[in-house]
2 protein chains.
Amino acid sequence: MGKINIKSIAAALNLSPATVSRALNDSYEIREETKQRVLAYAAKHNYRPNPFAKHLKTGKTNLIGVVIPFLSSPFFLEFIDELYKLAMLHHYTLLPFQTQNREEIEKEALDFLIRQNVAGIIISPAFENSNTALLRDIHHQYCPVILFDRIQHDLNTYKIGIHNSLETFKATEELIKKGRTRIAFLCGKDIGNTKDRIRGYKNALHNYGIPFQKEYVIDADYQDPTEDIDSELKEVFKKLQASNHMPNAIVGGTDTLSIKILGVLADLDLRVPDDVAVIGFTNTNLADYLNPALSTIRQPTQQMAQLTLDLLIPLIEKQQNRQGMVYENFLLEATTCYRKSTDI
Amino acid sequence: MGKINIKSIAAALNLSPATVSRALNDSYEIREETKQRVLAYAAKHNYRPNPFAKHLKTGKTNLIGVVIPFLSSPFFLEFIDELYKLAMLHHYTLLPFQTQNREEIEKEALDFLIRQNVAGIIISPAFENSNTALLRDIHHQYCPVILFDRIQHDLNTYKIGIHNSLETFKATEELIKKGRTRIAFLCGKDIGNTKDRIRGYKNALHNYGIPFQKEYVIDADYQDPTEDIDSELKEVFKKLQASNHMPNAIVGGTDTLSIKILGVLADLDLRVPDDVAVIGFTNTNLADYLNPALSTIRQPTQQMAQLTLDLLIPLIEKQQNRQGMVYENFLLEATTCYRKSTDI
DNA sequence: TTGTATGCGTTATCAT
DNA sequence: ATGATAACGCATACAA
């Protein structure tokens, strides 16, 4: 069987390519009977439009760019995974990119996506307000951009995330209720969510009359989850031990840190949860196998992916002035799973 | 600044589009000076060829399809990650797909990739000889296909993996040398590598005069790492305990099982490594944080990704009869990391 | 060595 | 309601 395209269909049905195209695109200016005849023939011969030709003509693709800090983080991995399943249903193809939390790489990725003529972009920015101007240009003039997870960003668009301060509040509160008062908060560099999470942590302390101590907010300034953050963290906790300020509970503010801290504490011969209770933000289904099983605040990745596409696809398909729109923020609810690391 | 394409470059330099195209494509039938003039102008204006137009004309894309069982496995994730970095350098775009170990989904993915006109395909098949006929057709008539990891497949092409039997032999031997003799082998459904790994396991037993026991080859027939394999495994080991046949060492034959087994053993109040030593195939950098830190056989993902592209790109770029070629198998060396789970 | 003309598969504009 | 034709950006056969 030869190549099956609009021209060959037209020839077979004694129609012009234009008419066939109209039938295929559900145009109104075509006779119902003709349309059905074309559709039937196309279906029978399993016709698939050539996406490249289509794009060359229309300037539009079915590509969705996905820009995330890294895949080697359970949360982002799960999110992308869900996105894949859904995008396929809608006949969109995903083009995922990693930024390693670096603005230059993010810019490269965005440039690349533009050249690929993506129809839309889903992004969790490298950090708060990274590439703001570029993203704004893209969103206004080029294709819709939607933010997820790291939604503390000036770009005016739909934002999908969780209520970071509330979730951190709940986690901190849980530790307080278990009788812990020297609670440390572990955070990475400023990726936008950090501020809110610290706020939730502080609020919980304040609500229960526990004085906030600056030294209990511990930064680990990594760019990449594969980096050696362990020794850095170990130093910090050694110092706290030495000055007799060792916390008896820790809230892990990022996916990566929540996992790594367990090894650090073990190295310092601190027992979890007896000496130090730990709860962390993370989506890994490995939490059960960690040492010990880790209590986690789990983001609803499936729901986030669904909502993201539900918002993006209409933006792609309806032509409109995105600059003037009013966008909503969506804060979904996370699930807290209490495991051994907080089982006091 | 207006659109920058071949036509606009030609106009700016008082040349014809054809000449500009030739300069850009490093044609021999062009004067060096002219070529440089075009190249300089193109570079200065950051010209990027429109991949869609290019494809429409040439019938070729810069897309590489990557088909793997799932992303939620540290090994595949690392591999894809490395592939990304390398593909970008060569100006290829990756189109990753997951099969969940299911032949139908694999077929769908392959069909999709064909429709997208990919230039080549990198695949770790759903299982031994899944979609053999289809893959053969694709490789012979459509675009080059390269196998990695699960290389027990009839498709005649380049295959990149590790020496499964040898690596399993070494791991088993290590446990024997530590004095363990009741060694179980954990394996998933037949994904091609399983056979070889069991062979290595058996050889090691045989070499040290340890009788092989069928009940020590333990199948966990899962399709997806997120499945609940734990209870199934727990049942098996409970029975072994009851019949007083509990092994004192375990070799984990897959990524997923190696991680999960630790939780199962903990649930059964078995101490690792005292009661049972464990070593597993896996690439997770979380091995250090597992309970206890897991000894691992780690595949050289970076090297595998590099080699895969080094083999694939020439196949893509040189037209040739792939059917008649002689292909080599590449068995790379894995690294064994001994951690606490074998520290007897 | 360079230019002219054509076509890849599709959609859009203008006729009819 | 349908057809003829041009155009998207590029590469190439052929002409010069």
Side-chain angles (χ1 to χ4, degrees), chain A residues 1-39 41-42 45-63 91 114-119 142 317 319, chain B residues 1-39 41-42 45-63 91 114-119 316-317 319:
Chain A
M1 109 186 156
K3 296 260 173 233
I4 168 87
N5 54 32
I6 286 194
K7 207 195 274 180
S8 73
I9 296 179
L13 299 181
N14 257 320
L15 291 168
S16 78
T19 305
V20 174
S21 175
R22 277 189 278 256
L24 260 16
N25 287 289
D26 206 26
S27 164
Y28 57 93
E29 45 181 349
I30 189 173
R31 193 151 50 112
E32 185 60 26
E33 186 210 312
T34 314
K35 185 197 285 187
Q36 291 312 326
R37 209 154 53 96
V38 172
L39 256 31
Y41 185 93
H45 292 75
N46 198 28
Y47 165 76
R48 300 282 164 209
N50 178 327
F52 296 87
K54 189 168 203 156
H55 165 240
L56 188 57
K57 185 62 193 171
T58 62
K60 298 196 171 296
T61 65
N62 66 334
L63 264 33
H91 300 104
I114 298 304
R115 261 185 283 132
Q116 294 289 317
N117 254 292
V118 291
Y142 188 77
E317 294 177 355
Q319 293 286 31
Chain B
M1 116 184 149
K3 296 256 172 238
I4 167 88
N5 53 33
I6 285 193
K7 207 197 274 180
S8 73
I9 296 180
L13 299 182
N14 259 321
L15 291 168
S16 77
T19 305
V20 174
S21 174
R22 278 189 277 255
L24 259 16
N25 288 290
D26 204 25
S27 165
Y28 57 93
E29 45 180 345
I30 190 173
R31 192 152 48 114
E32 186 61 25
E33 186 209 312
T34 315
K35 185 198 286 186
Q36 292 310 327
R37 208 153 56 96
V38 172
L39 257 31
Y41 185 92
H45 290 74
N46 199 28
Y47 165 76
R48 298 286 165 207
N50 178 326
F52 297 86
K54 190 168 204 158
H55 165 239
L56 190 57
K57 181 64 193 169
T58 61
K60 299 198 169 294
T61 65
N62 67 333
L63 264 32
H91 299 105
I114 297 304
R115 260 186 282 132
Q116 292 289 318
N117 254 293
V118 291
I316 289 176
E317 293 177 355
Q319 294 284 34

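Protein chains get the first letters and strands the later ones, always in sequence-line order, with residue 1 at the start of each. All of these numbers come straight from a predicted model, not from anything done at the bench.
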Helix axis bend for the helix from C:dT1-D:dA16 to C:dT16-D:dA1 - C1'-based end axes, five pairs, 10° rounding: 50°

Along DNA chain C, first and last positions that approach a heavy atom of chain B under 4.0 Å: C:dT1 to C:dG9

Which atom of B:Y47 lies closest to which atom of B:I6, heavy atoms considered: OH-CG1, 3.6 Å

Touch class at under 4.0 angstrom, heavy-atom based, for A:N117 against every strand present: nothing

Residues forming a ring-ring contact (aromatic ring centres under 6.0 Å, His included) with A:Y41, sequence neighbours excluded: A:H45

Those residues that, when tested against B:R31, pass salt bridge (Lys or Arg N to Asp or Glu O under 4.0 Å) (two or more places apart): B:E33

Set of residues satisfying side chain to side chain donor-acceptor pair (under 3.5 Å) with respect to B:N50, sequence neighbours excluded: none

Sequence-aligned protein contact record of nucleotides 7-16 of chain D, with B where the base is within under 4.0 Å of a protein heavy atom and S where only the sugar-phosphate is: BBBBBBB---

Those residues that, when tested against B:T61, pass side-chain contact (heavy atoms from CB on, under 4.5 Å) (two or more places apart): A:F52, B:H55, B:L63, B:N117, B:A119

Positions of residues 30-38 of chain A (non-hydrogen atom under 4.0 Å from DNA chain C), listed by number: none

Within residues 46-56 of chain A or reaching into it, pairs that qualify as salt bridge (Lys or Arg N to Asp or Glu O under 4.0 Å) - sequence neighbours excluded: none

Under 3.5 Å donor-acceptor pairs involving side-chain atoms of residues 11-24 of chain A, not counting sequence neighbours:
{"residue": "A:S16", "atom": "OG", "partner": "A:A18", "partner atom": "N", "Å": "3.4"}
{"residue": "A:S16", "atom": "OG", "partner": "A:T19", "partner atom": "N", "Å": "3.3"}
{"residue": "A:S16", "atom": "OG", "partner": "A:T19", "partner atom": "OG1", "Å": "3.2"}
{"residue": "A:S21", "atom": "OG", "partner": "A:N25", "partner atom": "ND2", "Å": "3.3"}

Set of side chain to side chain donor-acceptor pair (under 3.5 Å) partners for B:Q36, sequence neighbours left out: B:E32

B:K35: partners by side chain to side chain donor-acceptor pair (under 3.5 Å), with sequence neighbours left out: B:D26

